[in-house]
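Reading through the structure tokens given below for one structure.
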Amino acid sequence: MAFGDQPAYLRVAGDLRQKIVAGELPPHTRLPSQARIREQYGVSDTVALEARKVLMAEGLVEGRSGSGTYVREQPVPRALVRTGYRSVGDSTPFRQEQADDRVKGTWESRSEQVAAGADVARRLRIAVGDRVMRTGYLFRAAGEPAMLSTSWEPLAVTGRTPVMLPEEGPLAGKGVVERMAAIDLIVDNVTEEVSARPGLAEEALALGGVPGHCVLVVSRTYLAGGCPVETADIVMLAERHRVAYHLPVK
């Protein structure tokens, strides 16, 4: 489809987008009103409204109650560095998810026993309904919400052991590798898959984002002797992160 054949609302949105990117409409500037867009581009109120909706859906502008629509300040994406397990230095859950030594962080967590759903059961190679320990994390970098993580560990492996609760006991706050080693399970492989999807409302609320905007999901599984001992989903706002893999050549 040629540019001239685009719907009018996309042409208007494209021109406004270009002005935002070029700095003609800098962050915190009020977007032209619907009436102004209508007059400037010679379009209907419906077209002007749809153009504004496009920019809002793209995260370029935001509505402020009783004030209007304003250009959003775009965050500078931060690299989420993935390097695999490191046997020396800090191996806390935060460092497990963020391998950049320059980034200091904290985390909050909550664990509970639940029945494994179909996806978790598939990833852990257990039966649907088997009991697992689910732990939810909120990681903060420099005090600001950075990412969410939900992990699942089969209680057939960790139940009635000192490491059943990831954030309690003698190895509280240690990584999966150290905790599993304490019960004679040697983690020898880690798999990760990266995907993208619209963010859930509760995820956006926790991370300070906009509901429906894209999130990156890193689905990770630790294995010991070919048997999964933990699987997790790490969720972060796509506009704030880039996943960078630094893999050694062997």
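Nearest heavy atom pair, residue P228 against residue P154, reads O-CG, 4.2 Å. The minimum heavy-atom distance linking G129 with A115 is given by the pair O-CB, 3.7 Å. Nearest approach of M164 to P166, heavy atoms of both residues: O-CD, 3.5 Å. Contact detail for R125 and G226: the closest heavy-atom pair is NH1-O, 2.5 Å. The two residues C214 and A196 have their closest heavy-atom pair at SG-CB, 3.6 Å. D188 and G225 make their closest contact through OD2-N, 3.2 Å (heavy atoms, listed as atom of the first residue, atom of the second, distance).
L49 and V12 are members of different hydrophobic clusters when ILVMFWY side chains are connected at heavy-atom separations under 4.5 Å. The hydrophobic clustering, which links ILVMFWY residues whose side-chain heavy atoms are closer than 4.5 Å, places V61 and Y70 apart. V218 and L200 fall into different hydrophobic clusters, where Ile, Leu, Val, Met, Phe, Trp and Tyr side chains are chained together by heavy-atom contacts under 4.5 Å. Residue L10 is grouped with residue L25 when hydrophobic side chains (ILVMFWY) are merged at heavy-atom distances under 4.5 angstrom, including chains of intermediate members. Put simply, V177 and I183 are part of the same group of oily side chains (I, L, V, M, F, W, Y) that touch within less than 4.5 Å, one to the next.
Through direct or relayed side-chain contacts under 4.5 Å between Ile, Leu, Val, Met, Phe, Trp and Tyr, W152 connects to V114, V120, L124, I126, V132. L138 shares a hydrophobic cluster with L148, L207, V215, V217, V235, L237; the chain of contacts runs through ILVMFWY side chains whose heavy atoms sit under 4.5 Å apart.
In this structure, E193 places its CD atom where only 12 or fewer heavy-atom neighbours from other residues, nucleotides or ligands lie under 6.0 Å away. Residue-environment remark: CD (Q40) exceeds the threshold of 12 foreign heavy atoms within 6.0 Å. Counting non-hydrogen atoms of other residues, nucleotides and ligands closer than 6.0 Å to CZ of R110 gives a total of 12 or fewer.
Side chain of R160 to backbone of A156: no donor-acceptor contact under 3.5 angstrom is found. In this structure, the side chain of R131 engages the main chain of Q113 through a donor-acceptor pair within 3.5 Å. Without hydrogens or angle criteria, R52 side chain to P32 main chain gives a donor-acceptor distance under 3.5 Å. Listed for the R123 side chain is no donor-acceptor partner under 3.5 Å among the backbone atoms of T231.
To the nearest 0.5 Å, the span separating CG on L171 from CE on M180 amounts to 10.5 Å. Remark: L216 CG to R242 CZ distance equals 7.5 Å, nearest 0.5 Å. For the atom pair OG (S33) and CD (E39), the distance works out to 7.5 Å, reported to the nearest 0.5 Å. To the nearest 0.5 Å, atom CE of residue M236 and atom CD of residue E203 are 11.0 Å apart. For the atom pair OG1 (T69) and CD (Q34), the distance works out to 9.0 Å, reported to the nearest 0.5 Å. Put simply, OG on S111 and OH on Y137 are 6.0 Å apart, with the number rounded to the nearest 0.5 Å.
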Original post:
Between R240 and E144, is a salt bridge (Lys or Arg N to Asp or Glu O under 4.0 Å) present by the stated rule, with each step listed?
Top reply: CA-CA 12 Å; R240 297 183 186 173; E144 295 297 324; over 6 Å; no
**OP:** Could you go through the side chain to side chain contact (heavy atoms under 4.5 Å, CB included) check for I20 and R17 one step at a time?
**Re:** CA-CA 5 Å; I20 292 172; R17 183 191 303 114; 5.6 Å; no
**OP:** Under the side chain to side chain contact (heavy atoms under 4.5 Å, CB included) rule, what do L16 and I37 come out as? Steps first, then yes or no, please.
**Re:** CA-CA 10 Å; L16 291 171; I37 292 175; 4.0 Å; yes
**OP:** Assess whether side chain to side chain contact (heavy atoms under 4.5 Å, CB included) is satisfied between T135 and M133, documenting all intermediate values.
**Re:** CA-CA 6 Å; T135 303; M133 184 65 70; 4.2 Å; yes
Subject >> Audit row: R179, E230, salt bridge (Lys or Arg N to Asp or Glu O under 4.0 Å) steps and yes/no >> reply: CA-CA 11 Å; R179 291 176 50 250; E230 189 250 29; over 6 Å; no
**OP:** For R134 and E112, run salt bridge (Lys or Arg N to Asp or Glu O under 4.0 Å): C-alpha distance rounded to whole Å, both residues' side-chain angles, the deciding distance at 0.1 Å, then the answer.
**Re:** CA-CA 5 Å; R134 180 177 67 192; E112 61 180 338; 2.4 Å; yes
**OP:** Under the side chain to side chain contact (heavy atoms under 4.5 Å, CB included) rule, what do Y41 and D15 come out as? Steps first, then yes or no, please.
**Re:** CA-CA 10 Å; Y41 293 95; D15 188 68; 2.4 Å; yes
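Within the 4.5 Å cutoff, the side chain of V71 has no heavy atoms near those of the K19 side chain.
Applying the side-chain hydrogen bond (donor to acceptor under 3.5 Å, both in side chains) rule to D45 yields the partners R38; only residues at least two apart in sequence or on another chain are considered.
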